[in-house]
Amino acid sequence: MASEVAEKVINKVSLKAEEEEEEEEEDLVDPATAIKEMCAENSCSKYKARLDECNDRVTSKTKTSETCFEEILDFYHCVDHCAAPEIFKHVK
């Protein structure tokens, strides 16, 4: 009987410890995500518009060999180029 009570107490303590660890992990936020979103909306809107236009064109066709690979690369290059200096300010 005492061993059953001890097991229950140990289980509750370990569950609380796991919950605390999960809470601590949830508090971490990657600043790169917000920085890249800001760059995508502000500095790279021209490339985003071209990508959206290409996506609309490709999805409107049933049989096409066209991809938006070039537009995707241009957009990501712009976002990375814009965001890199700001992201590296946050690196310790």
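Computed from a prediction, not measured in an experiment: that's the story for all the values here.
Under the salt bridge (Lys or Arg N to Asp or Glu O under 4.0 Å) criterion, Glu41 pairs with no residue at all, not counting sequence neighbours. Every residue meeting the side chain to side chain contact (heavy atoms under 4.5 Å, CB included) condition with Ala32, not counting sequence neighbours, appears here in chain and number order: Asp30, Ile87.
As a member of the Ile/Leu/Val/Met/Phe/Trp/Tyr network built from side-chain separations under 4.5 Å, Val58 groups with nothing else and remains a singleton. Taking a 4.5 Å side-chain heavy-atom cut-off between Ile, Leu, Val, Met, Phe, Trp and Tyr, the cluster of Val79 extends to Tyr47, Leu51, Ile72, Phe75, Tyr76.
Residue Ile35 holds its CD1 atom at 9.5 Å from SG of Cys82, rounded to the nearest 0.5 Å.
Evaluation of the salt bridge (charged side-chain N to carboxylate O under 4.0 Å, His left out) test over residues 69-79, restricted to residues two or more places apart or in two chains, returns none. Among residue pairs with one or both ends in residues 49-61, those qualifying as side chain to side chain donor-acceptor pair (under 3.5 Å) are Lys48-Asp52, Arg57-Glu66; sequence neighbours excluded.
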Test disulfide (SG to SG under 2.5 Å) on Cys44 and Cys78 and set out the steps.
CA-CA 6 Å; Cys44 301; Cys78 179; 2.0 Å; yes

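The two atoms that bring Glu86 and His90 nearest to each other are O-CD2, 3.1 Å, heavy atoms only.
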